[in-house]
Amino acid sequence: QVQLVESGGRLVQTGGSLRLSCAASGRTFSSYAMGWFRQAPGKEREFVAVISWSGGNKYYSDSVKGRFTISRDNAKNTLYLQMNSLKPEDTAVYYCAAGMSIRWTAREYAYWGQGTQVTVSS
């Protein structure tokens, strides 16, 4: 089992940057694939990015590809999401999630954080 806590969300202007962090408890963090999802008001939770347990494989949604970078530090039990060139449509609650393998749908992840709010002003 793993517990996840996101941080780093805040209000930022269009074109700005943010780095989200997801701190994991437990000694098994390095065995999980880790994903970032987001949910805007009135919308379903959507896939943003995922990284394999080793960090060797990364995948992104088309909407963030080239702007966002997912990474992890297994020694620190921490997952990151570097977000550049932010747009108003990136406004959402961002969640990190842990799963047994790389997946693109939220229902396939077993463990979730509480979320962190990112707001991009126009």
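These numbers come from the heavy atoms of this one structure, side chains and all, not from hydrogens, waters or symmetry mates. The structure presented is a predicted model; accordingly, all values stated were derived computationally and were not measured.
- A donor-acceptor contact under 3.5 angstrom links the side chains of Arg103 and Ser101, judged on distance only.
- Each of Tyr80 and Ile51 belongs to its own hydrophobic cluster when Ile, Leu, Val, Met, Phe, Trp and Tyr are linked at side-chain heavy-atom distances under 4.5 angstrom.
- Of all heavy-atom pairs between Ser71 and Leu79, the closest is O-CD1, 3.3 Å.
- To the nearest 0.5 Å, atoms OG1 (Thr105) and CD (Glu46) are separated by 13.5 Å.
- Contacts of Ser31 classified as side-chain contact (heavy atoms from CB on, under 4.5 Å), with partners at least two apart in sequence or in another chain: Thr28.
- Contact check on Asp90 versus Lys87 returns no salt bridge, with no Lys/Arg side-chain nitrogen under 4.0 Å from an Asp/Glu carboxylate oxygen.
- For the side chain to side chain contact (heavy atoms under 4.5 Å, CB included) criterion with Val48, the lone passing option out of Leu20, Leu81, Ile70 is Leu81.
- With a 6.0 Å radius and a threshold of 12 heavy atoms from other residues, nucleotides or ligands, Lys58 has its NZ atom above the threshold.
- Under the 6.0 Å distance and 45° angle rule, Arg45 counts as a cation-pi partner of Tyr95.
- In terms of heavy-atom proximity, Ala49 sits nearest to Tyr60 at CB-CD2, 3.6 Å.
- Contact check for Leu4 versus Met34: side-chain heavy atoms found under the 4.5 Å cut-off.
- Two rings, from Trp112 and Phe37, have their centers less than 6.0 Å apart.
- Under the 4.5 Å side-chain heavy-atom criterion for Ile, Leu, Val, Met, Phe, Trp and Tyr, Trp36 and Val120 are members of the same hydrophobic cluster.
- Taking each heavy atom of Ser63 and Arg38 in turn, the nearest pair found is OG-NH2, 3.4 Å.
- Pairs of residues two or more places apart, or lying in two chains, that qualify as disulfide bond (SG atoms under 2.5 Å apart) and include a residue from residues 47-122 are Cys22-Cys96.
- Taking the ring centre of Phe29 as origin, the terminal cationic atom of Arg72 falls inside the region bounded by 6.0 Å and 45° from the ring axis.
- Checked against a 6.0 Å centroid threshold, the rings of Trp104 and Tyr59 count as neighbours.
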Please lay out, stage by stage, how Ser25 and Asn77 fare under the test side-chain contact (heavy atoms from CB on, under 4.5 Å). CA-CA 7 Å; Ser25 64; Asn77 281 6; over 6 Å; no
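- Within 6.0 Å of atom CD in Gln3, 12 or fewer heavy atoms from other residues, nucleotides or ligands are found, so the atom counts as exposed in its surroundings.
- Expressed to the nearest 0.5 Å, how far CG of Leu18 lies from CG of Asn84 amounts to 9.5 Å.
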